[in-house]
Structures are given as structure tokens and as C-alpha cells.
> 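Have a look at this one.
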Amino acid sequence: MKILIRNGRVMDPARGFDQQADIAIDGSVIAAIGMVPDGFVAEREIDAKGCWVLPGLVDLAMRLREPGYEHEGMLQSEMAAAVAGGVTSLVCPPDTDPVLDEQGLVEMLKLRADKQHKARLFPMGALTIGLKGETLTEMAELTESGCVAFGQADVPLSSITTLSRALSYANTFGYAVWLRPQDKDLGKGVAASGALATRMGLAGVSVAAETIALHTIFELVRGSQTRVHLCRISSAAGVELVRRAKAEGLNVTADVSINSLLLTENDIGYFDSSARVVPVLRQQRDRDALSAALADGTIDALVSDHTPVDEDEKALPFAESEPGATGVELLLSVAVKWSRDHGVPLNRALQAVTASPVAVLGAALGEQQAQLGLLQEGGVADLCIVDPASEWTVEPKALLSQGKSTPFGGYELPARVRYTLVDGQIAFERAA
């Protein structure tokens, strides 16, 4: 289909492009930005007056819940939620059931996701078989089947020897390892250690659970030179260690979740299980440090950490409830709110959910590395059209995700996606 998007404010954060322009799309390719080619006859025109036209968002942490947890999320519902949030590419962790530790499982998941004709799926392969932390997976085979990195999701490795071997092996073949820094023993609580957790009688997770793990990872990276991505940094102390590691020249990147960026432990309120997330929500000083680090590039990307959870699992007492929150439909709006509330340049906020995540994925994307997270002539037509003036209230029941639990319920957020195009096809269109 030939599509013409007229009168929009076209913004490509990666190259600093920001001006009103038309975009002509021919099939899966952006044929022109600005001057519409002679003879171009659109089969559909979209009037984007007053709207932003952005590269499709890239989310580095989105659980699809399938296979194995279909009662909490289905491919159909979660992929629909992704494009409703303007996300055109996503990485899913390997903690499905069965775990993504075999080539056939990865290929089947990709095949089923492709049939949805929604966002592009980039699976993360399990670092160890069954995520048990004992035997390394066949990384070469998993890479052939489409895995872009290897990790343990939220299952920390108890054996430093196994982690050292995994990093050395991954480095030999140029694979990236994604790790959420958390010590297995110190990270067993349900809230951030401090006065609030003590007063509420909740088991605490100390900052040391994150910093000890980071010290270990960085020490091993110094020896192996492996490319490591740190998932969902949550503390001010963790931020400082990442900053030092980057200054030292270690090959590391990092991300932060929308939950940690805007919320604090106070959002737990009166044992509100919707705020039972991993990593735990910490104090305001941690939130402020995370915000500053994302703004200055110490933290590379902002992620939704989308984890749909069944309502029955959230109805349990706080400490017994299942951690997780729906977030992919909020990712763009949270980025814009963060920009406005903290005086962060809009370009940086948008870059954190478009080009920067692509840079984290790097060469694992192959030829797509030069296509995704950008708006350029001759590039792939993955984009979203956003109404920045649309102020909306987060109503959990109205979200497309099968999981309705979110700590942002009732929040007033700016900017809402009107259209999402993936590979030149309209994957989402919001009703007027």
C-alpha cells in the first residue's frame, strides 16, 4: 500500500531532525520525507496536523507470557498492546514455560508472533538450560534461530564460575549477555529496605543486592571483555557504579524501567499489590539519580518492563502477590511526562525509547540495525503518529493487554498514539 502522511511534525531523535513535513510510504519503505515524489499516488492519506510522527518505539523488556502463562497474557493481546503504545520492535525475556533454551521453541515463538502482523519480535535466549544456572545453552543454535542476546531474566546466577564461563564463551562468538544485577540471597525481599518496609512489616531488598552483583559483573567483564547489558538498574548507588564502569571503558549498557523512573516506595500506599514489581520501588533519591542518569546517557534506554499478571495473583496480600505490571501502552507517555516534569530535552526522552535501544541491540540486529529506531528515506516504514495534546487518564480496564494491573492506574499522562505502522502496514489505529 502507498500511504501519505501529511502535515505532521516529523521527529527523528537520532539525527536531530525536527520539522513539519510529509512522509510518503511505498510498500514497506519510506519513499520520501518532505517533497512527495512526482507521480506518487497514495491509496490512503493520513492527516497528522498537530501530531508528531516518530520512529517506531523499541522496547527492550516486554514479556508476552506465551508459552506457558496464557492465563496472564496471549500473543494476540500483548502484541496488540505493543502497537497501541507505538512499539514496533520488542525484546522478550526467556522466562517462558518452557524456557527459551532450545532452537525449536524460539523458532515457534517467532513464527506465531509474525502471524500476528504486529510488532517485530526479538527473543532473548536463556543463558543456562532451564534458567537453572548450571549448564550453558547452545548459544550458536539459538542465535541462528533469531535470539539477539542471552540472559537469565529475573533468575540470578548463584555460581560465579558459571557466570564467568558464560561471559567468556559469549565473548568468543560476539554474543551479548543481558543481566539484571541482583544477588540471589540478598534480593529475596518484596520492598526496598528502609523505614517504610520496616514499618509495614515487609521483607526488604537492600541496595547492596544490586551493587554486589554489579561489582561482580564488572570484575568479570574486565577479564572477558564481553558486551553486557544491565537490565533495570534501580538505585543511586547502582547508577554510580555504572557511571564509573563506562568511564573506565567497560563494554556495558544499561536500562531503567518506567516504574523506577517515575515511582517510589511511597506508591505502595496501603499494601497496593499493583506496585509489587521487580526490581522493587526505591526511595526518592534513587528515583532522582535514575532520572539524571537517563538524561545524561549513563543509562541508555527506558523500558516498559511489561509483565502482565493475572488478577487473582494480584488479589493476594502484598508480599504473596505475583510481581509485575502492565506497561507497554504507557511507555511513550511516561517518556514524555518525564521530559516535561524534569526539564529533559524532548529529543533525549524520545531517543531513549527509539534509537538508543537499537544501539544497545547493535550488531545482533544484522541489517536491521541501520533501519530501526530511525526515520529516513529508503528506510523501513516503522513509525507512530502521536497526538501530544492528548491528555489521558490511565484506566487499567481499558488497556489492551490481558494484564490490567499497573501502579499508574488513575495517572494523568500526556501524549497518545493515534497510528502505528509496522513495515509500511497500519498495525494500529485509534478510534476517534
> Would you compute the distance between atom CD1 of I258 and atom CG of L332 and round it to the nearest 0.5 angstrom?
11.0 Å
> Taking all atoms of both residues into account, what is the closest heavy-atom pair of A82 and A119, and its distance?
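For A82 and A119, the tightest heavy-atom pair comes out as CB-CB, 4.4 Å.
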> Is there a donor-acceptor contact under 3.5 Å linking the side chains of H306 and E78?
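Yes, side-chain donor-acceptor contact under 3.5 Å.
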> If you compare all heavy atoms of A236 against all heavy atoms of D286, which two are closest, and at what distance to 0.1 Å?
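For A236 versus D286, the nearest heavy atoms are N-OD1, 2.8 Å.
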> Measure the shortest side-chain to side-chain distance between V252 and H229 over non-hydrogen atoms and say whether it is less than 4.5 angstrom.
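Contact flag for V252/H229 side chains = no.
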> Using the test salt bridge (Lys or Arg N to Asp or Glu O under 4.0 Å), find all partners of E313 that sit at least two apart in sequence or belong to another chain.
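Not a single residue meets the salt bridge (Lys or Arg N to Asp or Glu O under 4.0 Å) criterion with E313.
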> Could you give the distance from CG (L90) to CG (L64), rounded to the nearest 0.5 Å?
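Rounded to the nearest 0.5 Å, the CG-CG separation comes out at 5.5 Å.
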> Under the rule for side-chain hydrogen bond (donor to acceptor under 3.5 Å, both in side chains), what residues qualify as partners of D154, not counting sequence neighbours?
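Here the qualifying residues are R63, R180, R232.
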> Could you tell me whether a side-chain N or O of T162 sits under 3.5 Å from a main-chain N or O of S158, the two making a donor and an acceptor?
no
> Closer than 3.5 angstrom, by distance alone: can the side chain of K110 be matched with the main-chain N or O of P123 as a donor-acceptor pair?
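No, because the side chain of K110 does not come within donor-acceptor range (under 3.5 Å) of the backbone of P123.
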> Indicate yes or no: does E429 engage R44 in a salt bridge with an N to O separation below 4.0 Å.
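So E429 pairs with R44 through a salt bridge.
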> So with a 6.0 Å cut-off around CD of E367, is the heavy-atom count from everything else above 12?
no
> Which pair of heavy atoms, one from G133 and one from L157, lies closest together, and at what distance?
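Minimum heavy-atom separation between G133 and L157: CA-CD2, 3.3 Å.
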> Check whether any side-chain heavy atom of E320 lies under 4.5 Å from a side-chain heavy atom of F318, and answer yes or no.
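No. Closest side-chain heavy atoms not under 4.5 Å.
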> Does S390 use its side chain to pair, donor to acceptor, with the backbone of D387 at less than 3.5 Å?
no
> Can a donor-acceptor pair be found, under 3.5 Å and without considering hydrogens, that links the side chain of E329 to the backbone of L400?
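Flag set: sc E329 to bb L400 pair under 3.5 Å.
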> Sequence neighbours left out, what pairs pass side-chain hydrogen bond (donor to acceptor under 3.5 Å, both in side chains) with at least one residue falling in residues 127-146?
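Listed by first then second residue: T128-Q152.
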> Any idea how Y169 and Y175 line up, ring-wise: parallel (<30°), tilted (30 to 60°), or perpendicular (>60°)?
tilted
> Keeping the roles fixed (side chain from W338, backbone from A349), state whether a donor-acceptor pair exists under 3.5 Å.
no
> Please report the interatomic distance OG1(T298) to CG(L241), rounded to the nearest 0.5 Å.
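If we round to the nearest 0.5 Å, T298:OG1 and L241:CG are 12.0 Å apart.
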> With sequence neighbours excluded, what pairs up with D300 under the salt bridge (Lys or Arg N to Asp or Glu O under 4.0 Å) test?
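In terms of salt bridge (Lys or Arg N to Asp or Glu O under 4.0 Å), with neighbours along the sequence ignored, D300 is linked to K246.
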> Closest heavy-atom contact between L131 and P94?
CD2-CG, 4.2 Å
> Return the set of residues passing side-chain hydrogen bond (donor to acceptor under 3.5 Å, both in side chains) with D59 (not counting sequence neighbours), or none when no residue passes.
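Here the qualifying residues are S304.
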> Is it true that, when you exclude E395 itself, more than 12 heavy atoms of the residues, nucleotides or ligands shown sit nearer than 6.0 Å to its CD?
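At most 12 heavy atoms, drawn from other residues, nucleotides or ligands, come within 6.0 Å of this atom.
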> A side-chain contact here means heavy atoms from C-beta on lying under 4.5 Å apart; do V417 and W52 qualify?
no
> For residues V303 and M62, determine if any side-chain heavy atom of one lies less than 4.5 Å from a side-chain heavy atom of the other.
no
> Tell me, please, which residues at least two apart from Q283 pass side-chain hydrogen bond (donor to acceptor under 3.5 Å, both in side chains).
E265
> Kindly compute the distance separating CZ (F271) from CG (L202), expressed to the nearest 0.5 Å.
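Here the interatomic distance stands at 5.5 Å.
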> Under a 3.5 Å distance rule, please check whether S224 uses its side chain to pair with a backbone N or O of L220 as donor and acceptor.
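At least one qualifying donor-acceptor pair exists.
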> Taking K314 for its side chain and S273 for its backbone only, find out whether a donor-acceptor pair lies under 3.5 Å.
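Present.
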> For K404, what residues pass the side-chain hydrogen bond (donor to acceptor under 3.5 Å, both in side chains) criterion, not counting sequence neighbours?
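Checked K404 against side-chain hydrogen bond (donor to acceptor under 3.5 Å, both in side chains); zero matches.
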> Looking at CZ of R418 and CD1 of I385, how far apart are the two atoms once the value is rounded to the nearest 0.5 Å?
7.0 Å
> Is it true that the side chains of T264 and Q284 contain a donor and an acceptor less than 3.5 Å apart?
no
> Once rounded to the nearest 0.5 Å, what's the spacing between atom CG of L57 and atom CG of L54?
7.5 Å
> With a 4.5 Å limit on heavy-atom distance, are the side chains of V228 and L230 in contact?
yes
> When you measure from the side chain of T307 to the backbone N and O of D305, does any donor-acceptor pair fall under 3.5 Å?
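Side chain of T307 to backbone of D305, a donor-acceptor pair under 3.5 Å: yes, one is there.
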> Given 3.5 Å as the limit, does a donor-acceptor pair link the side chain of E210 with the main chain of S235, or not?
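Side chain of E210 to backbone of S235: a pair is present.
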> Quick one: side chains of residues 374-384, donor-acceptor pairs under 3.5 Å with protein atoms, not counting sequence neighbours, listed by atom name and distance.
{"residue": "Q376", "atom": "NE2", "partner": "A370", "partner atom": "O", "Å": "2.8"}
{"residue": "E377", "atom": "OE2", "partner": "I33", "partner atom": "N", "Å": "2.9"}
{"residue": "D382", "atom": "OD1", "partner": "R120", "partner atom": "NH2", "Å": "3.2"}
{"residue": "D382", "atom": "OD1", "partner": "D423", "partner atom": "N", "Å": "2.7"}
{"residue": "D382", "atom": "OD2", "partner": "R120", "partner atom": "NE", "Å": "2.7"}
{"residue": "D382", "atom": "OD2", "partner": "R120", "partner atom": "NH2", "Å": "3.4"}

> Within the 4.5 Å heavy-atom criterion, are I46 and L4 side-chain neighbours or not?
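No, side chains not in contact.
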> Under 6.0 Å from the CZ atom of R112, do we count more than 12 heavy atoms belonging to anything else shown?
no
> Can you confirm whether more than 12 heavy atoms, excluding those of E322, are under 6.0 Å from its CD atom?
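Atom CD in E322 is packed in, count exceeds 12.
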> Got T88 and V83 here, is their nearest side-chain heavy-atom distance under 4.5 Å?
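Side-chain contact under 4.5 Å: no.
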> Quick check: does any side chain N or O of K2 sit under 3.5 Å from a backbone N or O of I25, one acting as donor and the other as acceptor?
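Not a single qualifying donor-acceptor pair exists.
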> Using residues 351-366 as the side-chain source, report each donor-acceptor pair under 3.5 Å to any protein atom, sequence neighbours left out, with the distance given to one decimal.
{"residue": "T354", "atom": "OG1", "partner": "L350", "partner atom": "O", "Å": "2.7"}
{"residue": "S356", "atom": "OG", "partner": "R348", "partner atom": "NH1", "Å": "3.3"}
{"residue": "S356", "atom": "OG", "partner": "Q351", "partner atom": "O", "Å": "3.3"}

> Given side-chain contact (heavy atoms from CB on, under 4.5 Å), test R65 with Q402 step by step and report yes or no.
CA-CA 10 Å; R65 287 311 206 187; Q402 190 169 316; over 6 Å; no
> Counting only heavy atoms from other residues, nucleotides and ligands, does the tally under 6.0 Å from CD of E107 exceed 12?
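Buried by this count: over 12 neighbours within 6.0 Å.
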> Please check if the number of heavy atoms outside M1 that lie under 6.0 Å from its CE is greater than 12.
yes
> Do the side chains of M124 and C92 get nearer than 4.5 Å, heavy atoms only?
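Counting from C-beta outward, C92 and M124 never come under 4.5 Å.
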> Taking salt bridge (Lys or Arg N to Asp or Glu O under 4.0 Å) as the definition, give me every residue that meets it alongside E311, ordered by chain and number, with sequence neighbours left out.
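Partners of E311 under the salt bridge (Lys or Arg N to Asp or Glu O under 4.0 Å) test: K397.
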> Would you name the heavy atoms of T420 and G86 that are closest together and state the gap between them?
OG1-CA, 3.5 Å
> Considering all heavy atoms of both residues, which atom of R340 and which atom of P414 are nearest to each other, and what is their separation?
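Closest approach of R340 to P414: NH1-CB, 3.1 Å.
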> Can you pull the side-chain hydrogen bond (donor to acceptor under 3.5 Å, both in side chains) pairs that have at least one residue in residues 8-24, sequence neighbours excluded?
R6-D22, R9-D18, D12-R15
> Applying side-chain contact (heavy atoms from CB on, under 4.5 Å) to V205 and R282, what does each step give before you reach the verdict?
CA-CA 9 Å; V205 179; R282 296 199 174 276; 3.6 Å; yes
> The criterion is salt bridge (Lys or Arg N to Asp or Glu O under 4.0 Å); which residues satisfy it with R227, sequence neighbours excluded?
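R227 satisfies salt bridge (Lys or Arg N to Asp or Glu O under 4.0 Å) with no residue once adjacent residues are dropped.
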